[in-house]
K.L.:
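Dropping the structure in here first, questions after.
So you know, we letter chains A, B, ... as the sequences are listed, proteins then strands, and number each from 1.
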There are 2 protein chains.
Amino acid sequence: MGTTQLEKVPEPKYWHLKTVLMDALDSEFEVGEILPNERELASRFGVARATLRQALEQLELEGRLQRRRGVGTTVAPPRVGVFVGPTSGSWPGAADDAWLTVGCVEAAAPAAVAHMLGTGADEPVHTVRRIRSMGGQSVATELLYVPGASVPGLPSDLTPTDHVPAVLRELHTLGLDGEDRAVELGSARAEDAKQLDRLPGAPVLVVTTRYVSGGRVTAVAVATYRADTCRLTFGDSGAMEITHQGQERHAAAS
Amino acid sequence: MGTTQLEKVPEPKYWHLKTVLMDALDSEFEVGEILPNERELASRFGVARATLRQALEQLELEGRLQRRRGVGTTVAPPRVGVFVGPTSGSWPGAADDAWLTVGCVEAAAPAAVAHMLGTGADEPVHTVRRIRSMGGQSVATELLYVPGASVPGLPSDLTPTDHVPAVLRELHTLGLDGEDRAVELGSARAEDAKQLDRLPGAPVLVVTTRYVSGGRVTAVAVATYRADTCRLTFGDSGAMEITHQGQERHAAAS
DNA sequence: GAGTGGTCTAGACCACCTC
DNA sequence: AGGTGGTCTAGACCACTCG
């Protein structure tokens, strides 16, 4: 008797809290507006701050909120669509490239990358760090790995300034047979996090691109996109004429 | 004097804990092995259980651990690569399709989907739920939305058993101009979570596919992949001959 | 029933930003 | 200096799985 509902599974507080906040965001808040602080919200909903934070964390994960230490929690704009590929037959560093080179070192690649390139685990490769921005803020960082064997024509005496353009120029002299990509979830390493203006451990979408030339993988790019603000788009023949803009809210995030 | 390190930024405990655990996973544990329980681990490392859990959460997000209530925490196998596209010129439900239909309803699509389809917000559309499995476990669920206007030849009197095949058969009679996709991070809704054997709110990769035919978007699929166990792969011309297997550990996930 | 991970609490202190 | 979110603690109870 008396049981008003026959819910087999009692909904966790933070889950219910999340839906309540989502509705409030849709109806009562504008993009960019700042929310009351966490202590205030927690007491207003009658829960502990940790519980409230669990709800906020999920909303941030879904791109609905943006939280910044020392500042506050604001309503996030819709995720921006960033075009990832395929860009048939164009090497990184082409004229229409969306990336900006910010540095370059010659170092051993991570084991997984070395394996894809077929190089030795400790063999130094050209490593170019690049950044991709949209609308004034950085959305991704990338490490592009090019083994020396892929650019045999490269002069040996290069100033750091000349280094990157030279490597890319050598790449462009090669035919590009194709590229393939993999997308997975990761958490931002300290260095990436700093360049993306996020805390270490923030959720990111990791895009690994293999560039194939002459039947071999000649370069590998590992790009790290902010998962909270980005929606990765993959275009295809025929479909591109229809723009993908104006999509205000996505179906399956929550 | 006594400061052994000159770290400007004191590393959070859970962050350090995570790296320690990662090293331990690499060197001292086998895939599938179960770890000591959380209370045990917390006291062993001299931290509160909540702090330990913060580290475990990140490792699970990165696909290194698998936690199951009532069972324990186990070392996860490497993520499986699931091919997503492009599958040029093939509608969902083709013979080589990786999906299994599990249900079908006729209901109003979410606002974002209705917008992409160009249908009214409350207009019912055919909604097919499908599941994708790999290696015996479900890795994704999908909702395929097909507005009635896209399949005008569909008979009106259909038993539920005949419904799905009929809808897909009608689709296949149309030419497919192309498809494009978007990938973003989301959290599993209750229904999806259940079919993926995860808890609600688990991180998922949401793949939205638009099928274009005759200059119009004739169908939209929203697929929800387990982010912890999946790596989405996008193939391309020329590159496919090189297999992408045997990649034991990925570079940028932490 | 025993043991596991999941949720929740009520505090405390810290790092960061802005005024 | 004061306010924000980020980290951390030491508990408690619940939901689930399994023998």
K.L.:
Would you kindly say whether R132(A) and Y225(A) are connected by a side-chain donor-acceptor distance under 3.5 Å?
P.N.:
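Indeed, the side chains of R132(A) and Y225(A) share at least one donor-acceptor pair under 3.5 Å.
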
K.L.:
Side chains of Q58(A) and R64(A): donor-acceptor distance under 3.5 Å anywhere?
P.N.:
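No.
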
K.L.:
Under a 4.0 Å N-O cut-off, is there an ion pair linking E60(A) with R198(A)?
P.N.:
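A salt bridge is present here (some side-chain N lies under 4.0 Å from a carboxylate O).
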
K.L.:
Would you kindly give the CD-to-C1' distance between Q66(B) and dC16(D), to the nearest whole Å?
P.N.:
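Result: 16 Å.
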
K.L.:
For nucleotides 3-7 of chain D, which of its nitrogen or oxygen atoms have a protein nitrogen or oxygen under 3.5 Å away, and what is each distance?
P.N.:
{"unit_1": "dG3(D)", "atom_1": "N2", "unit_2": "G70(A)", "atom_2": "O", "d": "3.4"}
{"unit_1": "dT4(D)", "atom_1": "OP1", "unit_2": "N37(A)", "atom_2": "ND2", "d": "2.7"}
{"unit_1": "dT4(D)", "atom_1": "OP2", "unit_2": "N37(A)", "atom_2": "ND2", "d": "3.0"}
{"unit_1": "dT4(D)", "atom_1": "O2", "unit_2": "G70(A)", "atom_2": "N", "d": "3.1"}
{"unit_1": "dG5(D)", "atom_1": "OP1", "unit_2": "T73(A)", "atom_2": "N", "d": "3.4"}
{"unit_1": "dG5(D)", "atom_1": "OP1", "unit_2": "T73(A)", "atom_2": "OG1", "d": "3.1"}
{"unit_1": "dG5(D)", "atom_1": "OP2", "unit_2": "E38(A)", "atom_2": "N", "d": "2.9"}
{"unit_1": "dG5(D)", "atom_1": "N7", "unit_2": "R39(A)", "atom_2": "NH1", "d": "3.1"}
{"unit_1": "dG5(D)", "atom_1": "N7", "unit_2": "R49(A)", "atom_2": "NH2", "d": "3.4"}
{"unit_1": "dG5(D)", "atom_1": "O6", "unit_2": "R39(A)", "atom_2": "NH2", "d": "3.0"}
{"unit_1": "dG6(D)", "atom_1": "OP2", "unit_2": "R53(A)", "atom_2": "NH1", "d": "2.9"}
{"unit_1": "dG6(D)", "atom_1": "OP2", "unit_2": "R53(A)", "atom_2": "NH2", "d": "3.4"}
{"unit_1": "dG6(D)", "atom_1": "OP2", "unit_2": "R67(A)", "atom_2": "NH2", "d": "3.1"}
{"unit_1": "dG6(D)", "atom_1": "N7", "unit_2": "R49(A)", "atom_2": "NH2", "d": "2.8"}
{"unit_1": "dG6(D)", "atom_1": "O6", "unit_2": "R49(A)", "atom_2": "NH1", "d": "2.9"}
{"unit_1": "dT7(D)", "atom_1": "OP1", "unit_2": "Y14(B)", "atom_2": "OH", "d": "2.9"}

K.L.:
Once you round it to whole Å, what is the distance between P of dC14(D) and CD of E11(A)?
P.N.:
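The distance from CD of E11(A) to P of dC14(D) comes to 18 Å, rounded to the nearest Å.
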
K.L.:
Between atom CZ in F45(A) and atom P in dT9(C), what is the gap in whole Å?
P.N.:
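So the CZ-P distance, F45(A) to dT9(C), works out to 13 Å.
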
K.L.:
Heavy-atom count check: over 12 atoms from other residues, nucleotides or ligands less than 6.0 Å from D122(B) CG?
P.N.:
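Counting other residues, nucleotides and ligands, CG of D122(B) stays at 12 neighbours or fewer.
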
K.L.:
Is it true that atom CD of E30(A) has more than 12 heavy atoms of other residues, nucleotides or ligands lying nearer than 6.0 Å?
P.N.:
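It does not: E30(A) CD has 12 such atoms or fewer within range.
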
